[in-house]
Amino acid sequence: MSEVIVVTSGKGGVGKSTTTANLGVGLAMRGKKVVLIDTDTGLRNLDLLLGLENRIMYDLIDVVDGRVEIKKALVRHKKYENLQLLPTSQVKDKSAVNPADLMALCDELRKEYDFVIIDCPAGIEQGFQTAIAGADTAIVVTMPEVSAVRDADKIIGELGRSEKDNIKLIINRIRPAMVDSGEMMDMDDINDILAIKCIGQVPDDIKVVTSANRGEPVVGDGDSQAGKAYENIVGRLLGEDIPFMEFEKEGFFKKLMKAFKLSKD
Amino acid sequence: MSRDLVTIKGGKDGFRLLVDSSASMEEIEAEIKKKLNENPGFFPEGTKFELEVADLDRSVKKGIGQILSQHGLGVEMSAKKEPPPAPAEKSQMPPQYVIQHGGNVEAQEMTVVEHTVRGGEEITSQGSVLIMGNINPGAQIIAGGSIDVRGTCRGMVHAGAWGDTSAVVIADRLMPTQIRIANMIARSPDIMEKSDFAERASIKDGQIIIEPIER
């Protein structure tokens, strides 16, 4: 049974592509056959996060226009054979693909892959409408920030109007220390407003940035809090019941340990 | 200045029509027509007036009914024979939860929304609105009558949008960005407190007040 998932958020910069890349790699690590589709035509960057830019030959537009077969355009991941990327064009714009094209594409890919994950562009215009067209499930990514939550709310409304009722939430870039001190919206407030099933709480982690620069998603990294959080989300997508993790805080004890460790090195 | 022969009062439960029983039918008819023509469209079609029938002649009552029906309005006879209780007495009564329809239950439509109203959505209704869910920030509810939220109200709500000052807004947790009733606007405090009980916003003494209610 295969599933088509769209990762969306409304607001930009909350971590849609990062989430897509991490879920893709995470599911592939579990042995699933996964294809990632970048629909952010003109502003593609999912290939960068996966470190696959130099391997791109054809793109989504070529497939949609019928210049090449899907198989030819898919880029295989370096490490995980069962993970493929369908990149988009950096020169065309969103009008080059329409919802019907993507729907047909998803139905084609569905036959062969366990998971089709679509990276949606920011906004609620044509690009968004195209990206969600073929999806069974939507994952809304938000941040503990009023504007991100407001936009997520709007997106959930839009998804509802497009009859996408299976919607899940990931709260990204949480700073536990700030939540504790009351400077950041807490998870209960966000869940209260958005009122959809939350499948992940990912802390803000510098490793996400450094790993993105290297083109290796953080999900395999056991030392990273965000990596663990993404692994948990992957588990939950596969139907496992995993409790939300407690975030480690940079408390006094932790700092002391760090200082101790440093002095030893 | 002589006392008005006909007075229309916007009460808590809708409009009340007070008629001077000493006036003749012709005088009353002229006065009602004048009042209605002063503000055409103020009373939505189907609005019913409660008629104080203390000592009115039956033919006069019938006449008033006919005049109002010509204007697409209706009339209800007040059940109580005694004069209405003084406002002071009323305020002593325990706060009760009643959806106020402006006294015209059957004439007014009631919009029931059975989901959370999310940011960017707008719900407009000529009558009252019942929301079985939350109203999220960025959402708008505009109702000719009252608004009842069985959840948390964080958006903008406008009750009595066409001038019904008796309209109210009720919510389990009332923390909207703005409350508008008729032509009055109340803005939320910049730092919002979470309320633990249901509240009702209504117009009292020329301003919007919010009071806790039980339900």
Side-chain angles (χ1 to χ4, degrees), chain A residues 6 8-12 14 120 122-129 132 138-171 179 181-198, chain B residues 111-125 129-143 147-158 169-180 187-199 210 212 215:
Chain A
V6 61
T8 182
S9 73
K11 189 178 180 297
V14 297
C120 176
I124 52 169
E125 290 78 23
Q126 196 193 349
F128 165 75
Q129 298 296 348
I132 65 165
I139 293 180
V140 174
V141 183
T142 191
M143 266 168 73
E145 197 180 80
V146 278
S147 50
V149 173
R150 189 70 63 95
D151 291 0
D153 187 45
K154 173 79 186 188
I155 281 294
I156 297 165
E158 289 291 331
L159 287 165
R161 279 186 279 282
S162 302
E163 280 156 15
K164 306 285 173 194
D165 294 324
N166 193 2
I167 311 174
K168 289 162 179 167
L169 180 71
I170 291 177
I171 306 173
V179 174
S181 63
E183 292 167 285
M184 205 172 225
M185 295 177 83
D186 72 83
M187 302 307 110
D188 292 343
D189 283 350
I190 297 172
N191 284 322
D192 189 33
I193 292 179
L194 298 181
I196 54 172
K197 188 172 170 46
C198 184
Chain B
T111 306
V112 180
V113 180
E114 285 178 326
H115 59 85
T116 289
V117 187
R118 297 187 182 273
E121 279 181 68
E122 189 181 85
I123 289 171
T124 308
S125 168
V129 178
L130 172 64
I131 313 275
M132 310 293 278
N134 297 348
I135 300 174
N136 279 357
Q140 282 189 18
I141 312 292
I142 296 165
I147 298 170
D148 186 358
V149 187
R150 303 297 176 97
T152 307
C153 174
R154 294 188 178 88
M156 200 283 283
V157 282
H158 193 174
V169 178
I170 297 172
D172 287 349
R173 280 165 303 282
L174 190 61
M175 39 205 296
T177 44
Q178 263 184 20
I179 296 180
R180 302 182 187 174
R187 172 176 70 75
S188 68
D190 287 330
I191 296 160
M192 187 61 94
E193 282 169 37
K194 233 179 203 170
S195 60
D196 298 325
F197 33 74
E199 288 178 307
I210 293 170
R215 73 167 172 191

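Within every chain, numbering begins at 1; the chains are lettered A, B, ... in the order of the sequence lines, protein sequences first and strands thereafter. Every value quoted in this text rests on a predicted model; they were computed, and no experiment measured them.
Within a 6.0 Å sphere centred on CD of A/E183, heavy atoms belonging to other residues, nucleotides or ligands number more than 12.
Note on B/A139, B/G133, B/G151, B/P137: by heavy-atom pairs under 4.5 Å with chain A, the leading option is B/P137.
Take A/D192 and apply the salt bridge (Lys or Arg N to Asp or Glu O under 4.0 Å) test, not counting sequence neighbours, and it matches B/R154.
Contacts from residues 152-161 of chain A to chain B, taken as heavy-atom pairs separated by less than 4.5 Å, involve A/D153, A/K154, A/I156, A/G157, A/R161 in sequence order.
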